[in-house]
Each structure stands twice: as structure tokens, then as C-alpha cells.
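For reference, the structure discussed in these notes is given below.
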Amino acid sequence: MVENMNENHQEKEEKKAGLNFVQQIVADDLKAGKNGGRLNTRFPPEPNGYLHIGHAKAICMDFGVAEMFGGTCNLRFDDTNPAKEDTEYEQSIMRDIHWLGYDWGDRLYYASDYFQKLYDFAVSLIKKGKAYVDDQSAEEIAAQKGTPTTPGQASPYRERSVAENLDLFERMNKGEFEEGSRVLRAKIDMASDNMHFRDPIIYRIIKRPHWRTGEKWKVYPMYDFAHGQSDYFEGVTHSICTLEFVPHRPLYEHLVKELAGDTASEYCPRQIEFNRLNLTYTLMSKRKLLQLVQENLVNGWDDPRMPTLCGLRRRGYTPQSIKNFIQDIGYTKYEALNDISLLEHAIREDLNTNATRVCAVLDPIKVVITNYPDDKEEMLEMDNNPEQENADTHKMPFSREIYIERNDFMEEPPKKFFRMTPGKEVRLKGGYIIMCTGCTKDAEGNVTEIQCTYDPDTLSGMPGSNRKVKGTLHWVSARHCKDAEIRLYDRLFAVENPSADTEHDFRELLNPDSLKVVNNAKVEPWLAENAKAEDKFQFQRIGYFCVDTDSTAKHLVFNRTIGLKDSWAKAQKK
RNA sequence: UGUCCUGUGGUGUAAUGGUAGCACAUCGGAUUCUGGUUCCGCUUGCGAGGGUUCGAAUCCUUCCAGGACAACCA
């Protein structure tokens, strides 16, 4: 009995220890019965751009914590700025969330659905003398705001009468005034230590149709006047966001309390902030990513070099690898810079167990097996995946002439070169052991062809194949192979932390070698029939590759997701 | 020089007053029909000082360092 209790106690301790700080807060709130013991989170993107891996971190938190504790998660489009938003982004956001494997069910919301309620709330604040219309320009208002160390000054319009404020705000929304000529401000405290309390602007005029509400509104609420209230309207209990909103939290709470009034003790949403995702050799700034797209420095939002979810998808990243990576880096309040090798490890790990093995030669050189009959061909059995117990096999043709990788041959090799060189044997993956007998060179001394002989008793699977041979090469049959275009992607930026470099424009820091196109690669013929867009393969001894959306049976296109680790290349660099 | 937040190996992250652990990276070695995978091992850490305590990464305090905040963006 005592032992049991100890075990139970330990289990609880361990469970708590495994939770990140947000999950612990949620667990504590649930245990304390806050908000009736409910858990409701929300993921609130503004539909003004494509989601990137930083958003994936938020999605995994918002949907993940709801999943973990049996709560629900709303998808709410924070569409309070018609100047920047569009349904194109809305659609891509929904697709990417689904791709990651999360679903909001029937809990799809839009801040624009609350425009009337928010307007009414603003009117009620005016009536209570807690909001006023300011006729000053943006510059004047900014000048009066003070600095973090010096208090602000009151606007000359701060003490306008309720009647005048009501009248002006109504007319602002009728379109009687130009954009920028008037704003509605909450009257709070121009001397507050928190800049967000110095009479924040809560409504501005935007005379542009909203993608959902059309011409109905001429005034639109600011983030601070929409977010907390939207959470409140939806019954959100935990409003989880990133660290830059920490200084907004007091205002969030201030306005929610104002809205809830006496009922705030029964239900009140709570904002919790975690660190955003920063990755080496890339950027998360939506503005800068947009610039790369607009200036054609990359080929669109889904360029495989982009940290966007559609880019990562096209690059060959799997949802599971992204989730695993996010799990690995964790959630804290420390603004970390995560090494991209963690992401690379996550996708290698996933693809190692799941990607089908094939042969592809990126830089082909012809090898003639001089003692193999010209009219003969064999279909060899190739393992699809040695990491899986019951993986299938597929056939690959072998014939007298094959291609191997140019750098798998050296006439005068360095030490520990376990590849093809005159007088030495190597094994052809899944095929015969062959011995190099010589090579042909052109006038400049470049090798144009290699000659070998094969040992007929050494086909894979036959008893004679058990001989120890140091090197194993990938290859394709010259007569049967297909041409392919291979896009070799590398890190987008040449420097570890492009955001930290204040001396250079970020565009100067791009990696000039982030894309290399190989047009004359040779791949085994099985791929021509079996490679569909987004399929993932391991090109043996090279790396992981994904069929591009541009690919067709006639013109195969593969994207390199990530290379295999290469300890030989690494050793050569030393 | 205001308010708030944050400092644990190279990077990221555990620890909930009780042996500083894990992952990635690095470097060795073993295995291997992928120089991959797998396996084994090494190196490297609590920002600094003071205090409370039998005992401090953890609590208090001072200092140091980094970051956020002054959009009619979210």
C-alpha cells in the first residue's frame, strides 16, 4: 500500500517534470478549477502572409496543449487590418495547419465577426469617459507619447465631451473623415511606465474594402482592442502567444476586465508568452521573407529554401519531422537561436526510416564491363528500405555499360579511398563485385570512360558475394536509366544569424550557392513510373530527395531535402 | 539609464531545496553490401559576489550581461 502511494506520487512528479512551463500553468489552472475547469486555446494568425516554421511552433503549442489536456483550440483569423489581408493567405494558412495534422473542427472564427461588438464596446467606453477622439496627426500623437523614461503629455482633445466624442466616432465610421485625420484613443495614463497605457489608439480610419466585411466599416479596431476581447467573446481560457506581447499583457487584462465587469471573477482569459523560434542561417521576419519573394531572390513563398511551411513541404520536410524538431527545442522564456542542425537531424531521422532507397547518379561517368555480354541484361532485386523489417523490393536493370559517380573514381587515389581505382575491386550496390582494369582519357587528360571486369559469382544474394570488399558504389544501367533534373538546395543565408547583422542589408547575406541545378543526372528507370510529386526517396550514398511539384514522367525533377552525413568529405576537408 | 523579461557544456533544453541529466553538434572507436544507419566512448556547463539552509541551478540580495517596450502593424 505504501509502495503504491510512492509509485503514484513519483508518477505525478515525473509527469509534471515532463511538462513545459506553459503546460504546467495550464495543468495548475485546470487543477484549481479556473474558468470552470475549461481549457480553450486559439491560434490567431493574421491572413497577411504565409505561415513559417515559427508559426508551426505556435500551432504545436496551441493545438497541442488542447489535445494534451482534452481541451479545444480555435482557429481565429485576426483580420483587423483590411490594408494587408486577403483570402489567398487565409486559404494557405488553413492548408498548412491541416498539413501539420491539426484540425479546428467547427471552431473557425474571424475577428471581423466581432466588429459590431467591438464598436459597441468602444461606444460604451466613450460614454463612460474612458475614450476620446483625437484630431491630431500620427506625428503629433507620437511626439506627445514621451519615451520609456519620460512621461507623455495629454492630447489637447483628451477632455472632449462625451457627446462630441460620440458624434465624431460615429461620423468617422460613416466615412466623413479622411484616413489619418482622427483616431479613437482609450483614456488611461499618459505617465504610465508601460508605453501601451499612454492612451493607446484603439480605432483608426481605413477607407478600403475589407476582404470579408466589404464596405461596411470605415473604422477598424487595433490589435490591442481586438485580441483580448475576441478571446473573451470566444471563451478562450489560455491565450498563448510569443514574448513580444509581454508588455501588452497588462493592457489585455485591463480591457478584458473593462469588458467583463463584475463577471470577470467567473471567467477571464489569460495570456501566456513563450519564446519565438529563431533558426540559424535563415530568417523569420514576414516582412523580409515577403521582400525575398517580391524581388525574385527566391522563387515564391514555396521556394524550397524558404522557412515557410509550404517551402519546407516542397523541400521534402515531413510534418512529423517538424513536430519532432519543435518538441526537441522546447518552449521557454529565453530568446534562443536554435541551430538548424537540429531541424536537419529531425528530417534525416524521419526519412532514414521512411524513405525508399533508389540509385541516382548526379555526375555520371561511364563504366564498361568488358567481360559482360553486350546483348545481356538482368533485373536485379533492390531493397526498398533496410531500416524496415518487411520492406518491399523493386527491380533495377543491369547491363554491360553503367554510370557511376565521377568522384567515385580516382586513378591515383589518396589513402583510405574505398572507391574505384585501377587494380582494385568494389561492389556495385545490389549487384556484382567488379575490378577496375583501366580508363580512357581525352586530350586534356580528363577521364572519359572506365573499364572493368565483373566476377559472375558475386551477385548479391549468391554465396560468392560474401567476400569482403571495402567499397560499395551506387550505379545505374546506361541503357535503361532516365535523365533527371536535380535541384541541390542549401542554406538560404551564408551567415549564422542574418538578423543580427546590422552592417549589411540582409539581402547581401544570402548564400550564393543555395541552389545548384544539375541537368544531366541519371536515375534508375523505376522512378519514372513511381515518382509522384512530394514522394520522398533516399538517393543511396547521396542524400534525401523529394519529387518536385514541377516533375512529370517525361521530365523528372527532384529537390534535395538534405544530404546524407558524409564523414569522407569531412575528412577530406581537413 | 524607467518598466518588464531572460541568463545551465559549442547550440537548445531538463531539474520544481537533495548525485547537474538529455538531444543536437564535435572528436575517437566498433559494426555495416549506403564513408548512411546502428552501437560504444571522450571532451565541454549552473553569469559573478554575498546571504538563508544540514543542503541552493532552484529561495533572498547586490552586481554583470542580453533582450523587449515609445506603428493610425499584428
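All figures in this text were calculated on a predicted structure; none of them were measured in a lab. Order of the sequence lines sets the chain letters (A, B, ...), proteins ahead of strands, with each chain counted from 1.
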(message) Closest-nucleotide mapping onto RNA chain B: is A:Gly430 or A:Tyr331 further toward the 5' terminus? I mean the 5' end.
(response)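 Closest to the 5' end, via its nearest nucleotide, is A:Tyr331.
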
Using whole Å, report how far [atom1] of [X] lies from [atom2] of [N].
{"X": "A:Asn275", "N": "B:G67", "atom1": "CG", "atom2": "P", "answer": "16 Å"}
{"X": "A:Leu343", "N": "B:G12", "atom1": "CG", "atom2": "C1'", "answer": "13 Å"}
{"X": "A:Phe418", "N": "B:U31", "atom1": "CZ", "atom2": "P", "answer": "12 Å"}
{"X": "A:Phe21", "N": "B:G12", "atom1": "CZ", "atom2": "P", "answer": "16 Å"}
{"X": "A:Leu337", "N": "B:U13", "atom1": "CG", "atom2": "C1'", "answer": "15 Å"}
{"X": "A:Leu473", "N": "B:U32", "atom1": "CG", "atom2": "C1'", "answer": "15 Å"}
{"X": "A:Glu335", "N": "B:U11", "atom1": "CD", "atom2": "C1'", "answer": "16 Å"}
{"X": "A:Asp339", "N": "B:C24", "atom1": "CG", "atom2": "P", "answer": "12 Å"}

Touch class at under 4.0 angstrom, heavy-atom based, for [X] against every strand present:
{"X": "A:Arg419", "answer": "base"}
{"X": "A:Thr332", "answer": "sugar-phosphate"}
{"X": "A:Phe417", "answer": "base"}
{"X": "A:Arg348", "answer": "nothing"}
{"X": "A:Gln538", "answer": "base"}
{"X": "A:Gly461", "answer": "base"}
{"X": "A:Pro386", "answer": "base"}
{"X": "A:Lys416", "answer": "base"}

Measuring only the [atom1] atom in each nucleotide, how far is [N] from [M]? A whole number of Å is fine.
{"N": "B:A15", "M": "B:A71", "atom1": "P", "value": "38 Å"}
{"N": "B:G29", "M": "B:G67", "atom1": "C1'", "value": "43 Å"}
{"N": "B:U3", "M": "B:C63", "atom1": "P", "value": "12 Å"}
{"N": "B:G36", "M": "B:G28", "atom1": "P", "value": "13 Å"}
{"N": "B:G45", "M": "B:G9", "atom1": "P", "value": "9 Å"}
{"N": "B:U6", "M": "B:G10", "atom1": "P", "value": "23 Å"}
{"N": "B:G47", "M": "B:U43", "atom1": "C1'", "value": "22 Å"}
{"N": "B:A23", "M": "B:C40", "atom1": "P", "value": "10 Å"}

Taking atom types as modelled, find out whether [X] and [Y] have a side-chain donor-acceptor pair closer than 3.5 angstrom.
{"X": "A:Gln327", "Y": "A:Asn324", "result": "no"}
{"X": "A:Thr393", "Y": "A:Asn384", "result": "no"}
{"X": "A:Asn194", "Y": "A:Ser192", "result": "no"}
{"X": "A:Gln271", "Y": "A:Glu253", "result": "no"}

(message) Quick check on A:Lys218: does its NZ atom have over 12 non-hydrogen neighbours (other residues, nucleotides or ligands) under 6.0 Å away?
(response)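 Buried by this count: over 12 neighbours within 6.0 Å.
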
Lys/Arg N to Asp/Glu carboxylate O, [X] vs [Y], below 4.0 Å:
{"X": "A:Arg42", "Y": "A:Glu234", "value": "no"}
{"X": "A:Asp134", "Y": "A:Arg185", "value": "yes"}
{"X": "A:Arg467", "Y": "A:Glu425", "value": "yes"}

At less than 4.0 Å, is any side-chain N or O atom of [X] found next to OP1 or OP2 of [N]? Yes or no.
{"X": "A:Lys570", "N": "B:C27", "answer": "yes"}
{"X": "A:Lys468", "N": "B:U32", "answer": "yes"}
{"X": "A:Ser567", "N": "B:G36", "answer": "yes"}
{"X": "A:Lys470", "N": "B:U32", "answer": "no"}
{"X": "A:Arg541", "N": "B:G35", "answer": "yes"}
{"X": "A:Ser341", "N": "B:A25", "answer": "no"}
{"X": "A:Lys565", "N": "B:G35", "answer": "no"}

Considering only side-chain heavy atoms of [X], which listed nucleotide, [options], is closest?
{"X": "A:Gln540", "options": "B:U34, B:G35, B:C24", "answer": "B:U34"}
{"X": "A:Asp328", "options": "B:G35, B:G36, B:A23", "answer": "B:A23"}
{"X": "A:Ile329", "options": "B:U34, B:U37, B:G12", "answer": "B:G12"}

(message) Ring of A:Tyr544, cation from A:Lys536 - is the NZ or CZ under 6.0 Å from the centre and inside 45° of the axis?
(response)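 Geometry flag: not set, cation outside 6.0 Å or 45°.
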
(request) Let me have RNA chain B in dot-bracket notation, would you? Count Watson-Crick plus G-U wobble pairs, both distances under 3.5 Å, and use [ ] for pairs crossing earlier ones and | for inter-strand partners. (result) .((((((..((((....[..))))..((((.......)))).....(((((..]....))))))))))).....

[X] ring center near [Y] ring center (under 6.0 Å):
{"X": "A:Phe169", "Y": "A:Tyr203", "result": "yes"}
{"X": "A:Phe245", "Y": "A:Tyr223", "result": "yes"}
{"X": "A:Phe115", "Y": "A:Tyr220", "result": "yes"}
{"X": "A:Phe21", "Y": "A:Phe274", "result": "no"}

(message) Please encode protein proximity along nucleotides 69-74 of chain B as a string of B, S and -, counting only heavy-atom distances under 4.0 Å.
(response) SB-BSB

(message) Check for me: is A:Tyr334 stacked on B:G7 by the 5.5 Å centroid and 30° plane-angle rule?
(response)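 Per 5.5 Å and 30° rule: no stacking.
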
